[in-house]
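Atoms within a ligand are numbered from 1 in the order they appear, just like the ligands themselves.
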Amino acid sequence: KYAQSAQSGPLRDRIATGGKHQLLSVDQFTRETVEELCSLADIMQPIARRQKVSRVLEGAVLGNLFFEASTRTRVSFGSAFCRLGGSVCDTTGFTFSSMAKGESIYDTSRVMSGYVDAMVIRHPEQGSVAEFARATNIPVVNGGDGAGEHPSQALLDLYTISTEFSRLGKLLDGAHIALVGDLKYGRTVHSLIKLLGMYRGLKFTLISPPGLEMPEHIVEQVAKQGKHVIEQTTSLEKGLPGVDVIYATRVQKERFEEGQDGSFTADFQVNKAIIDRCCGPDVIVMHPLPRDSREGAHDLSVDLNHDPRLAIFRQADNGIPVRMAIFAVLLGVETLVQHSMRDV
Ligand code: CP
């Protein structure tokens, strides 16, 4: 499924940042390192499904520090670490951390480094996870920093697209991808478009309400990455015909500036009617989740729940093997995984 790498040296050294084995941004990846991680995620699948067991992280402890709401990222990182034989210590929200007493990021990070072997951090401020990472030498993974990045989500998204394309006999090079919704504050799309930009000749259609467009500096970075076509529109009807992947996102009202208008029409909802009208039987519908199920929310309709084109739950499941691969690489045990596997 993936090209063989011509690179040598441990993968963790090739994705290191500032000489540290940390994952803060997709800018640390190349196409080759991404594909090596995806191959490793394939190897992890039987452990993720508990058809096989491995204890390569036995004795290791993960610190899961989540200062912003999360279900998938927090639990799947924790589960991935446990599936490799490690254990997890959690802290959730500011209220139950000594940050509520005014402790700094620096002190929190230094202290946690003495307690755990790796940290996953989610924090509402962009750049804050990099601040945690600067204060420690243990592996740190960015689990989402405000409207910044979410590199592990982008990696599992790309893994999902590759897996779905493999089933459909399609290639990522030359694919047409629509990113829909809040492209301004959605950190998953910021990371994903840069990761996809490492492939060749893609067409990106960016469909967002006025005021929630993809930041210009990211569009420029992707345009420089390769011979891609990048189009922007405010219309699903205009943007969706011919796409291979629809990646819908939630409008992140919690990140809006004070007074910012959030009264969007239902025109940005991805639902069965518009997909039947604009797309073919092979389109893949993705969403990083959570989708907003509250009255008046407009991202992804539940009327696609039993439609095989909806890949969102397969996508969420892929979070486990991909995050296992990330831990195995950052903690330097990836070559031990295959030999360590045994039957349940
Ligand atoms: N996709 C994602 O980051 O989900 P959570 O906010 O539930 O972690």
Tyr106: what forms a ring pair (Phe, Tyr, Trp, His ring centres under 6.0 Å) with it, not counting sequence neighbours? none
Under the ring pair (Phe, Tyr, Trp, His ring centres under 6.0 Å) test, residues paired with Phe327 that sit two or more places apart: Phe77, Phe81
Test: Arg187 and Asp145 ion pair at under 4.0 Å: no
How about CZ on Arg314, more than 12 heavy atoms from neighbouring residues, nucleotides or ligands closer than 6.0 Å, or not? yes
Quick one about His287 and Thr249 (side-chain donor to acceptor, distance below 3.5 Å, no hydrogens or angles considered), yes or no? no
Considering only N or O atoms, set out every pair between ligand 1 and the protein closer than 3.5 Å, with distances to one decimal place.
residue	atom	partner	partner atom	Å
ligand 1	1 (N)	Gln153	OE1	3.0
ligand 1	1 (N)	Pro288	O	2.9
ligand 1	1 (N)	Leu289	O	2.9
ligand 1	3 (O)	Thr73	OG1	2.9
ligand 1	3 (O)	Arg122	NH2	2.9
ligand 1	3 (O)	His150	NE2	2.9
ligand 1	4 (O)	Arg72	NE	3.0
ligand 1	4 (O)	Leu289	O	3.3
ligand 1	6 (O)	Arg122	NH1	2.9
ligand 1	7 (O)	Thr71	N	2.8
ligand 1	7 (O)	Arg72	N	3.0
ligand 1	7 (O)	Arg72	NE	3.2
ligand 1	7 (O)	Arg72	NH2	2.9
ligand 1	8 (O)	Ser70	OG	2.6
ligand 1	8 (O)	Thr73	N	2.9
ligand 1	8 (O)	Thr73	OG1	2.6
ligand 1	8 (O)	Arg122	NH1	3.3
ligand 1	8 (O)	Arg122	NH2	3.3

Tell me the salt bridge (Lys or Arg N to Asp or Glu O under 4.0 Å) pairs involving residues 113-129, sequence neighbours left out? none
